[in-house]
There are 2 protein chains.
Amino acid sequence: MVVDSADEKQADRLFRALANPTRRDIVKRSMRDDYSVSALARCYTTSFAAVQKHVALLEAARLVSKRPRGREQIVRGNTEAIETARRLLDQFEEVWRERIDLFDKVLNQPEKEGPDAGDQH
Amino acid sequence: MVVDSADEKQADRLFRALANPTRRDIVKRSMRDDYSVSALARCYTTSFAAVQKHVALLEAARLVSKRPRGREQIVRGNTEAIETARRLLDQFEEVWRERIDLFDKVLNQPEKEGPDAGDQH
DNA sequence: ATAACCTACAATCAAATGGTTGTAGATAGC
DNA sequence: GCTATCTACAACCATTTGATTGTAGGTTAT
């Protein structure tokens with residue numbers, strides 16, 4: 001029941017990290033160009049520490065990675081995490097497809113009863 | 001700067017709603033079968049009111065919709081919201097592709113300077 | 001009508017979030 | 001060496017979240 005595995009926690013972190021406009025913007029920027037943490041901070045009106053925390057959160061969700069360059073940390077967007085999120089979304093549509101398949105199966109085998117009780121939408 | 005439009009708020013709600021294992025499970029269940037709110041509540045160890053609030057949150061994110069059937073409310077998963085989330089993820093990979101394209105363009109026009117300073121990865 | 005059930009909503013509470021300031025450690029440049 | 005810059009991290013604060021219990025209204029069935 002809601003298993004609460006490591007994968008689930010990672011899914012939590014992923015979607016949680018994406019649920020903030022500043023963080024989404026950071027992901028986009030760091031996908032497009034190289035940014036140090038302070039360079040990112042200059043893009044927003046919030047404090048450096050706030051941006052730093054956003055980056056840390058994104059890093060925990062594996063949406064970005066940091067690598068040191070001299071005294072600064074270069075933030076880099078990670079497409080694999082996006083792929084992971086996409087696969088998670090696929091799971092939802094997969095179970096939806098199961099419903100459709102089941103519905104079709106009932107439609108194509110009307111030997112038992114008429115589908116009058118079918119309350120589609 | 002981080003525009004904060006209605007679309008952005010909807011994206012916030014969408015990802016926020018997905019950032020919880022119980023809510024993700026509710027979405028899957030309601031995609032697969034019809035569930036009343038109380039039928040959903042019976043699937044989890046938490047209180048009815050807690051599940052009710054989860055459903056309200058999912059409804060605000062348009063991930064599910066409710067329709068009354070007698071005294072109960074039937075919760076139904078909505079694939080369109082999943083598609084919306086997928087499109088949002090597409091945006092990230094789109095800007096990433098821009099980076100790749102730009103990188104290719106530089107590689108194919110080495111007339112200016114040698115790309116020795118290129119710090120790939 | 002009465003009992004049982006489903007839902008809605010308010011009040012409450014602990015924990016997490018998003019933000020701030022301040023302090024301290026490294027590194028780069030003069 | 002000294003200064004400016006970049007980062008990390010702690011402490012703190014307001015708001016939100018996730019959950020609870022309790023109350024009330026509506027629907028179904030007996």
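This one's a predicted model, so the numbers in the text were calculated from it and none came from an experiment. In the text below, chain A, chain B and the rest are named by the order of the sequence lines, each starting its count at 1.
Two residues, B:V37 and A:F48, neighbour DNA chain C, and the one matched to the more 5' nucleotide by heavy-atom proximity is B:V37.
A 4.5 Å side-chain heavy-atom check between B:H54 and B:V64 finds every atom pair outside the cut-off. Put simply, the side chain of A:D12 reaches to within 4.5 Å of the side chain of B:R24, judged on heavy atoms.
Atoms NZ (A:K66) and P (D:dC6) sit 15 Å apart, rounded to a whole Å. Spacing between atom CZ of A:R71 and atom P of D:dA8 amounts to 14 Å, rounded to whole angstrom units. Spacing between atom CD1 of A:I74 and atom C1' of D:dC6 amounts to 10 Å, rounded to whole angstrom units. Separating the CG atom of A:L40 from the P atom of D:dC6 is a distance of 12 Å, rounded to the nearest angstrom. At whole-Å resolution of the value, CZ in A:R67 and P in D:dC6 are 17 Å apart.
Listed by residue number, the members of residues 51-60 of chain B with any heavy atom below 4.0 angstrom from DNA chain C are B:Q52, B:K53.
Put simply, A:R42 has a side-chain N or O that comes within less than 4.0 Å of OP1 or OP2 on D:dC6. A close approach under 4.0 Å does occur between a side-chain nitrogen or oxygen of A:S38 and OP1 or OP2 of D:dT7. Remark: A:R69 is not in phosphate contact with D:dT5, judged by side-chain N or O atoms under 4.0 Å from OP1 or OP2. One finds no side-chain N or O of B:T46 lying less than 4.0 angstrom from the OP1 or OP2 phosphate oxygen of D:dA19.
Remark: the backbone N or O of B:R16 is paired with a side-chain donor or acceptor of B:R23 at under 3.5 angstrom.
The distance from atom CG of A:L57 to atom OG1 of A:T22, rounded to the nearest 0.5 Å, is 12.0 Å. Note: B:N78 CG to B:R62 CZ = 9.0 Å, rounded to the nearest 0.5 Å. Atom CD of B:E83 sits about 9.0 Å away from atom CG of A:L89, to the nearest 0.5 Å. Distance check: B:K66 NZ to B:R76 CZ gives 16.0 Å after rounding to the nearest 0.5 Å.
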**Prompt:** Yes or no on salt bridge (charged side-chain N to carboxylate O under 4.0 Å, His left out) for B:D25 and B:R29, after CA distance, side-chain angles and deciding distance?
**Reply:** CA-CA 6 Å; B:D25 195 69; B:R29 284 179 188 274; 2.7 Å; yes
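On the nucleic acid side, DNA chain C contacts chain A at distances under 4.0 Å to non-hydrogen atoms, with the end points of that region at C:dT17 to C:dA28.
Among the atoms of the strands shown, only primed sugar atoms or phosphate atoms (P, OP1, OP2) are found under 4.0 Å from some heavy atom of A:S36.
A salt bridge does not link A:D101 to A:R97: none of the charged side-chain nitrogens sits closer than 4.0 Å to a carboxylate oxygen.
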